[in-house]
Amino acid sequence: GLGDPPRGRVAASGDLGFLKFAVFPADNGTFSITLAVPEVEERLRAAVVRPEILDQICQRLPGIAPWTDPAHSRAVSKVHAMGELESRWRDFVVGGRPAARNLFSVGDSLARTNPLYGRGCSFAVIEAHLLRDVLCDEADPDARALAYDRLVRRELRPFYDDMVRQDRSAAKRAQAELDPDAKPSLRSRLIHAFVEDGVAIALRQDIELFRQAMRAFHMLAPPARWLLRPATLAKVMRVWARGRRANAPLYREPPGPRRPEMLAALGLPATAKLA
């Protein structure tokens with residue numbers, strides 16, 4: 001590559017419902033592109049591993065197209081696929097008793113999460129530090145197991161549960177994308193409006209709110225608790241109440257086409273299931 005392309009109004013990462021995407025700059029002028037396709041999109045998942053399909057998708061994502069422009073970069077590897085991304089938390093203390101003595105799991109052997117959040121290494125590092133403290137403070141095998149279980153649950157389980165909730169919400173959205181004529185419930189419309197027209201806009205307007213959200217995202221503060229503070233909710237509600245017209249300059253450009261347009265451009269049928 002020739003270095004990072006100029007930043008535009010469209011981010012190099014986004015969520016289209018039927019597709020998530022991001023660019024990850026690396027060393028020596030290289031970068032990677034990750035496309036995440038929901039499980040229900042069987043046909044698109046099968047097609048995206050073909051280099052020509054991946055290139056066509058990138059060309060239609062305004063935030064990614066400058067990175068993959070042939071004048072800017074060239075491919076240096078094939079398309080690598082990853083699957084079976086199942087969140088999993090393993091309990092090593094059952095019914096208040098250790099399942100095994102002197103066995104302490106760290107990393108994916110304890111908690112496995114969606115790599116899109118980028119928290120796997122963070123989980124492992126935190127677990128390693130907690131385990132070190134437990135081994136230094138406790139000598140009894142049972143006491144060590146109970147203490148380690150208590151600490152990882154206190155420090156990490158809230159983030160794990162939050163990611164699982166987000167994954168389930170994303171799966172529901174992906175399912176809804178399969179029927180463009182489907183009408184969401186009133187509750188779904190209100191939640192969507194609160195997030196997109198309230199929270200997202202408030203974060204772009206208020207640097208302090210943005211810092212609070214980033215602290216939670218980077219696991220320096222409990223997940224979502226920042227949003228439940230009365231002062232924070234008051235700010236979000238004031239922004240939401242102003243309406244879309246008043247907040248128009250704070251909205252981002254669309255990160256990419258809708259599902260029907262993208263599939264048509266790729267020459268793929270609208271049906272998600274493979275024959």
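For the single chain, residues carry numbers from 1 onward in sequence order.
Here the straight-line distance linking atom CG of L156 with atom CD of E127 works out to 5.5 Å at 0.5 Å rounding. Here the straight-line distance linking atom OG1 of T113 with atom OH of Y117 works out to 9.0 Å at 0.5 Å rounding.
There is a path of hydrophobic side-chain contacts, each under 4.5 Å, that joins F21 to L54. A continuous path of Ile, Leu, Val, Met, Phe, Trp and Tyr side chains, each step under 4.5 Å between heavy atoms, connects L227 with M237, placing both in one hydrophobic cluster.
The local environment of CZ in R132 is crowded, with over 12 non-hydrogen atoms from other residues, nucleotides or ligands closer than 6.0 Å. F194 CZ: more than 12 foreign heavy atoms inside a 6.0 Å radius. Other residues, nucleotides and ligands place no more than 12 heavy atoms under 6.0 Å from the CZ atom of R168.
The salt bridge (charged side-chain N to carboxylate O under 4.0 Å, His left out) contacts involving residues 216-229 comprise nothing, where partners must be two or more places apart or lie in separate chains. Among residues at least two apart or in separate chains, salt bridge (charged side-chain N to carboxylate O under 4.0 Å, His left out) pairs with a member in residues 84-94 are E86-R88, D91-R153.
Between the N247 side chain and the G243 main chain, a donor and an acceptor come within less than 3.5 Å of each other. R242 places no side-chain N or O within donor-acceptor distance of the main-chain N or O of R238, the cut-off being under 3.5 Å.
Using a 3.5 Å distance cut-off with no hydrogens or angles, the side chains of D162 and Q166 do pair a donor with an acceptor. When only modelled atom types and interatomic distance are considered, Y148 and D133 share no side-chain donor-acceptor pair under 3.5 Å.
Looking at D15 and R173, a side-chain N of the basic residue comes within less than 4.0 Å of a carboxylate O on the acidic one, giving a salt bridge.
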Donor-acceptor pairs are to be reported for all side-chain atoms of residues 249-269 against protein atoms at under 3.5 Å, with residues two or more places apart or in another chain.
| residue | atom | partner | partner atom | Å |
| --- | --- | --- | --- | --- |
| Y251 | OH | D197 | OD1 | 2.7 |
| E253 | OE2 | R9 | NE | 3.3 |
| R259 | NE | E41 | OE2 | 2.6 |
| R259 | NH1 | A270 | O | 3.0 |
| R259 | NH2 | E41 | OE1 | 3.1 |
| R259 | NH2 | A270 | O | 2.8 |

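The minimum heavy-atom distance between W67 and A12, with the atom names listed, is NE1-CB, 4.0 Å. R189 approaches P184 most closely through the heavy-atom pair NH1-O, 2.7 Å. Taking all atoms of both residues into account, the shortest heavy-atom contact from F123 to A111 is CD2-CB, 4.0 Å.
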Could you give me the CA-CA distance, side-chain angles and deciding distance for V134 and L151, then say whether side chain to side chain contact (heavy atoms under 4.5 Å, CB included) is met?
CA-CA 9 Å; V134 166; L151 289 172; 3.6 Å; yes
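R157 forms a cation-pi arrangement with W89, by the criterion of a distance under 6.0 Å to the ring centre and an angle within 45° of the ring axis.
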